[in-house]
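Step one of this worksheet: look at the structure below.
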4 protein chains.
Amino acid sequence: MEKIPVGVLGATGMVGQQYIALLADHPWFEVTYVAASPRSAGKPYADAVAGRWQLAKPYSPAVGPLIVEDANDISRAAAAAGQGKCAFVFSALEMGKDEIKALEEAYAAAGIPVVSNASAHRWTRDVPMLIAEVNPSHTDIIPIQQTSRGWDKGFIAVKPNCSIQSYMTPLWALIQAGYEVKRMFVSTMQAVSGAGFPGVPSLSIIENVVPYIGGEEEKSEQEPLKILGSVTEGAIVSAEGPLITAHCNRVPVVDGHTACVSLEFGSKKPSIEEVKKIWSEFTALPQELKLPMAPERPIIVREEADRPQPRKDRDLDKAMAVCVGRIRPCNLFDLRFVGLSHNTVRGAAGGGILNAELLKSKGYL
Amino acid sequence: MEKIPVGVLGATGMVGQQYIALLADHPWFEVTYVAASPRSAGKPYADAVAGRWQLAKPYSPAVGPLIVEDANDISRAAAAAGQGKCAFVFSALEMGKDEIKALEEAYAAAGIPVVSNASAHRWTRDVPMLIAEVNPSHTDIIPIQQTSRGWDKGFIAVKPNCSIQSYMTPLWALIQAGYEVKRMFVSTMQAVSGAGFPGVPSLSIIENVVPYIGGEEEKSEQEPLKILGSVTEGAIVSAEGPLITAHCNRVPVVDGHTACVSLEFGSKKPSIEEVKKIWSEFTALPQELKLPMAPERPIIVREEADRPQPRKDRDLDKAMAVCVGRIRPCNLFDLRFVGLSHNTVRGAAGGGILNAELLKSKGYL
Amino acid sequence: MEKIPVGVLGATGMVGQQYIALLADHPWFEVTYVAASPRSAGKPYADAVAGRWQLAKPYSPAVGPLIVEDANDISRAAAAAGQGKCAFVFSALEMGKDEIKALEEAYAAAGIPVVSNASAHRWTRDVPMLIAEVNPSHTDIIPIQQTSRGWDKGFIAVKPNCSIQSYMTPLWALIQAGYEVKRMFVSTMQAVSGAGFPGVPSLSIIENVVPYIGGEEEKSEQEPLKILGSVTEGAIVSAEGPLITAHCNRVPVVDGHTACVSLEFGSKKPSIEEVKKIWSEFTALPQELKLPMAPERPIIVREEADRPQPRKDRDLDKAMAVCVGRIRPCNLFDLRFVGLSHNTVRGAAGGGILNAELLKSKGYL
Amino acid sequence: MEKIPVGVLGATGMVGQQYIALLADHPWFEVTYVAASPRSAGKPYADAVAGRWQLAKPYSPAVGPLIVEDANDISRAAAAAGQGKCAFVFSALEMGKDEIKALEEAYAAAGIPVVSNASAHRWTRDVPMLIAEVNPSHTDIIPIQQTSRGWDKGFIAVKPNCSIQSYMTPLWALIQAGYEVKRMFVSTMQAVSGAGFPGVPSLSIIENVVPYIGGEEEKSEQEPLKILGSVTEGAIVSAEGPLITAHCNRVPVVDGHTACVSLEFGSKKPSIEEVKKIWSEFTALPQELKLPMAPERPIIVREEADRPQPRKDRDLDKAMAVCVGRIRPCNLFDLRFVGLSHNTVRGAAGGGILNAELLKSKGYL
């Protein structure tokens with residue numbers, strides 16, 4: 001099968017680099033178009049990221065010589081699309097929220113689907129916020145989005161914040177198994193890579209904890225409700241619950257967000273053993289479709305007393321699995337556990353690629 | 001005033017070293033007796049800790065030449081006591097719980113009061129578990145303890161686990177102000193010094209989080225109840241509440257335990273401003289008595305969005321103050337905040353010294 | 001081709017775990033025998049390492065059920081060898097130097113070749129200390145070793161200390177190109193994994209540097225001379241030079257030893273460009289033989305001003321390549337550079353496996 | 001004695017904050033004037049540093065309400081000077097080298113002496129680069145500087161780079177004792193605070209080493225020569241030697257630069273014992289004058305095998321002492337040792353204050 005030519009917007013940034021790295025040997029997609037800020041525009045990608053490449057894994061030789069385009073210049077992307085060099089774009093744009101919003105809409109209007117990692121459109125009522133294993137049916141909003149906006153091929157689909165991925169899939173697995181979750185208490189210990197580059201100054205975080213991440217607690221409390229919501233005429237209506245309270249902290253870890261969670265169920269409550277069984281056996285559409293980026297097991301249950309740990313468990317199954325452990329009763333609610341996911345793979349580029357695979361397999365790309 | 005000669009049991013260990021360092025220029029107490037394991041016994045203290053001294057602050061020149069005694073040999077301590085060289089001992093013993101229990105009782109039986117940092121006697125019904133600002137009245141159990149055990153001068157008083165000190169004083173300040181606390185959710189990020197030396201291997205914690213500390217969650221959930229309890233005939237009876245659930249984590253921080261807390265009050269609920277006022281203005285008996293180790297303000301309220309932070313706030317007011325911040329409403333309960341205290345000072349040796357000062361000022365020493 | 005059954009001595013330790021992990025999908029070798037201390041003996045490997053497995057990568061399912069044997073009981077290994085279950089052993093023993101020496105000799109005497117990671121036999125005159133790319137010809141001592149000791153199939157081959165691997169191959173590449181190296185100044189920044197587990201206490205190294213590693217400087221100064229030496233009748237005679245001085249430091253890095261090096265050449269001196277060319281183009285016997293564990297390029301030259309860096313470059317080419325950078329003139333000597341290698345892969349288990357592959361390809365195994 | 005009113009230029013930056021903190025209870029100097037970039041100008045200092053205060057120690061209450069002036073507006077400083085509110089300024093300016101050069105000259109021309117921490121004037125031939133214990137006589141250039149430039153009260157004096165302070169005083173102590181140092185090899189492990197704030201991104205340095213610091217090696221190789229130079233008609237003439245080669249590295253340490261050093265002496269060589277004696281007994285003019293910021297012992301010799309260590313030794317004697325250890329012979333040169341100093345205290349603000357104290361005691365201020 002011939003690979004689909006894709007573009008990456010914000011290709012020189014932290015998340016953009018992750019996209020470039022992860023797509024290096026992707027079986028379906030091939031990076032043929034890279035765009036970034038005017039500062040980088042016109043340079044070969046290799047020059048644009050010289051001295052700024054953050055990953056241990058190098059970018060693919062094929063991407064090095066690609067000339068970086070100005071992400072603001074949609075005509076360039078449209079031209080590339082016309083020449084069959086950009087079937088859709090991954091958006092890892094780093095600019096003001098309103099600029100990103102307008103720019104992503106402009107790409108969509110130009111007939112270029114946008115699979116975005118940015119937060120700008122997360123609360124746009126007709127834009128799906130996808131976790132492929134949790135709410136794949138939310139893609140049903142796309143035709144509605146296209147019609148109402150008068151877009152033919154173009155559309156926008158986004159992914160949620162990285163910090164909630166450590167518990168959203170486990171949460172969903174329990175709900176799907178028939179256990180309503182009423183209330184959830186979450187306390188996170190998040191990696192510095194979540195703040196991009198240069199991001200968190202070393203003077204702020206070495207041998208320290210910063211018990212605050214701007215906007216993170218609000219996102220952690222609200223985004224799950226849209227993800228658990230339902231598609232109706234013209235909009236995705238958020239779910240009523242669970243009611244969530246979050247304490248978000250930054251710790252001196254490079255990659256991997258860890259979350260301590262307490263759950264309160266409705267009248268029907270699973271036993272600890274049932275929870276372990278539900279999580280160990282959970283699979284969803286991405287696994288059924290055998291999507292290339294999908295982990296074999298979306299949730300990996302560790303029985304050791306002291307796992308999961310970010311440095312030791314973040315890379316499991318292509319860094320796309322959520323690793324859970326310390327599954328035990330809660331004194332206040334019903335269940336306590338620790339969840340972990342790789343914030344720049346599962347929580348960012350990897351999750352975006354999985355969303356694109358889902359959209360492709362559903363015929364939207 | 002002539003200084004009171006004191007002994008330190010387990011003087012070569014991590015907490016023992018903290019006692020030696022903090023007592024270096026204490027206005028009331030003077031270290032004249034040091035005891036440790038048979039391995040160290042017979043050596044000058046300087047030799048016993050050579051290459052094992054963990055603190056940036058050096059020990060006082062006066063302690064270096066003291067010959068380390070065998071902590072198991074009570075006769076040596078009794079002799080020293082007889083010669084007016086050991087009015088009471090600080091116990092920082094590191095051995096099996098039952099051995100510590102028996103040994104501390106033997107010292108008390110020999111007429112040597114024991115102000116202990118060990119957990120062995122925390123649940124002994126006639127032994128007070130003191131936080132000087134919270135339950136100073138629990139010293140009332142001491143005469144009962146002495147009578148029932150047939151001890152004249154000797155007795156045992158202990159302090160609670162280091163991890164709860166980041167929120168116990170704030171909790172008490174609210175209760176004392178008339179706000180019942182029904183339920184409490186706590187998630188901690190604890191420093192490696194809490195595990196002693198060698199303690200946590202660097203391979204386990206560098207660029208990592210370990211979401212488990214053996215026994216810590218149980219202590220965090222139960223010890224507050226005894227501290228908030230009341231002295232009755234022959235025993236301290238634990239309080240009914242609050243009901244607590246704890247998630248305890250180890251992070252790559254040297255000193256300072258950070259806690260994310262959510263509180264649920266009874267029918268009477270304080271406003272955020274009232275909480276800040278109560279905490280900022282809180283003082284207790286140690287402040288009233290102007291005890292040397294007492295912080296001027298037991299609770300320091302930070303208004304910055306991202307404080308407290310262990311590296312920046314752990315040393316406030318002789319490292320004896322609890323620093324709180326991020327005081328805000330909770331979506332599930334009523335109040336959210338972050339508390340911080342220095343685990344090896346306020347949470348260990350410093351807290352023990354403050355307890356001794358309290359006991360002295362009450363005439364027990 | 002059928003895989004060769006191999007044993008791992010000290011299989012539960014840090015380096016032993018690395019061997020188990022790296023051999024998981026080795027094309028030539030298959031772990032069929034595991035031995036460790038009496039404490040672990042009799043347990044399935046999975047149980048023996050439960051809660052002690054240090055690596056992100058899990059061990060292979062095939063090894064989990066293997067019963068751990070007592071490494072001191074050679075008869076068990078001999079029996080396994082007899083049943084074709086242990087053609088040779090990798091030694092990652094962690095015990096006293098003399099015990100290891102005797103034990104490795106006993107295995108060899110029992111007809112079981114020993115490819116060792118231990119330092120015990122590094123200075124045994126008839127035992128080769130191999131870096132496959134540098135002194136593969138030193139295997140010529142093996143027949144001499146066997147004859148003089150009256151061993152038939154058995155023999156002992158060792159590898160050098162991990163810390164010298166960051167510069168030995170680059171050093172050799174220059175010597176081989178005809179540039180005599182007279183003097184070498186080395187200052188290292190070494191990872192904590194080099195000290196095994198539990199190894200370096202976190203209290204000693206978090207936010208700190210320890211400018212001392214016992215015995216490391218001596219090894220760094222002497223081992224290169226044996227490696228650069230020549231095989232004569234009955235012994236390997238060390239080279240006269242280069243004269244080396246080493247400053248060895250421990251830094252808060254998990255894996256990867258970094259070395260700052262200054263070299264003084266003889267009368268014939270290469271230009272910076274020649275040095276880069278020699279290193280970029282260097283290959284040796286392991287590459288020629290296409291040994292499975294051999295890196296494609298033994299030396300990777302980075303041109304960026306701030307590389308190599310342990311976290312970003314240690315894993316290059318199966319973590320078997322040496323990465324060099326900052327190649328520039330020296331004010332005192334002739335050349336300055338920074339070298340990096342992965343201490344637990346290239347510097348330990350990976351290097352041992354490569355040595356075994358070399359020995360196999362030469363017919364010694 | 002009434003305190004001398006002083007100003008701090010660049011008062012909101014990293015080094016500026018250090019000045020404010022260290023001068024909080026200085027017996028001679030009192031901060032009465034603070035200036036920074038136009039961005040901060042007009043705000044009370046407390047507001048200007050809100051959320052940006054990097055130090056554990058808070059600034060003094062007296063400084064909080066001071067209105068920050070625009071550092072570019074010399075007229076404001078001159079007015080303050082006229083009102084007796086700014087006898088001289090500490091320069092911690094962070095801007096382009098040429099701007100700093102011009103600005104510091106403008107202050108001096110306006111009659112305001114400048115004691116600078118900036119590198120701009122380090123190589124200005126008539127500006128002394130002072131380490132109070134090493135080259136106090138270089139203040140003799142000041143009258144020459146004033147005459148040639150037509151300045152009456154104003155002048156400029158600077159301090160050298162932070163990284164060389166870990167070995168310059170030990171080096172000088174040996175030279176002064178009659179031991180010529182021919183050649184010096186230095187490899188440093190430097191703290192992140194040396195790069196200011198935000199400075200080094202955490203993504204670059206957590207669990208990593210960066211073997212490069214722009215310009216640092218050149219400074220380390222050249223500045224010692226000017227410091228060891230001599231004052232002649234109209235200029236300070238650099239010394240001929242020692243010849244130095246430096247490898248500068250950044251490590252994940254907050255404060256404290258560590259240096260591994262090898263020294264080659266002239267024909268006259270001291271024994272290890274002599275070196276220890278010379279360093280332990282070394283004192284200089286600042287000690288003789290009992291300057292407030294001067295350490296009692298400029299050089300502290302540690303005998304432990306594994307010291308000095310930044311976290312444990314950087315704060316010795318007000319963080320103004322240089323701590324040395326591992327004093328041993330060198331295989332290539334004559335002497336090896338490890339030196340440590342606190343880069344933001346001894347190496348920056350503290351060193352600047354000590355220089356001001358020296359200048360005051362000599363009557364220049």
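Everything numeric here is computed off the predicted structure, so don't read it as measured data. The sequence lines fix the lettering, A, B, ..., with proteins before strands; numbering per chain opens at 1.
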Shortest non-hydrogen separation from A:P198 to D:P201 and the atoms involved
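Scanning both residues, the minimum pair turns out to be O-CB, 3.4 Å.
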
If I compare all heavy atoms of D:L203 with all of A:G196, which pair ends up nearest, and what's the gap?
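Heavy atoms of D:L203 and A:G196 come nearest at CD1-O, 3.5 Å.
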
When you look at CZ of D:R39, are more than 12 heavy atoms from neighbouring residues, nucleotides or ligands closer to it than 6.0 Å?
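No - once you tally the heavy atoms of other residues, nucleotides and ligands closer than 6.0 Å, there are 12 at most.
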
So what's closer than 4.5 Å to chain A heavy atoms on D:I206: side chain, backbone, both or neither?
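Interface part for D:I206: both.
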
Strictly distance-based, threshold 3.5 Å: is any side-chain N or O of A:S202 a donor or acceptor partner for the main-chain N or O of D:I205?
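No, A:S202 side chain to D:I205 backbone: no donor-acceptor pair under 3.5 Å.
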
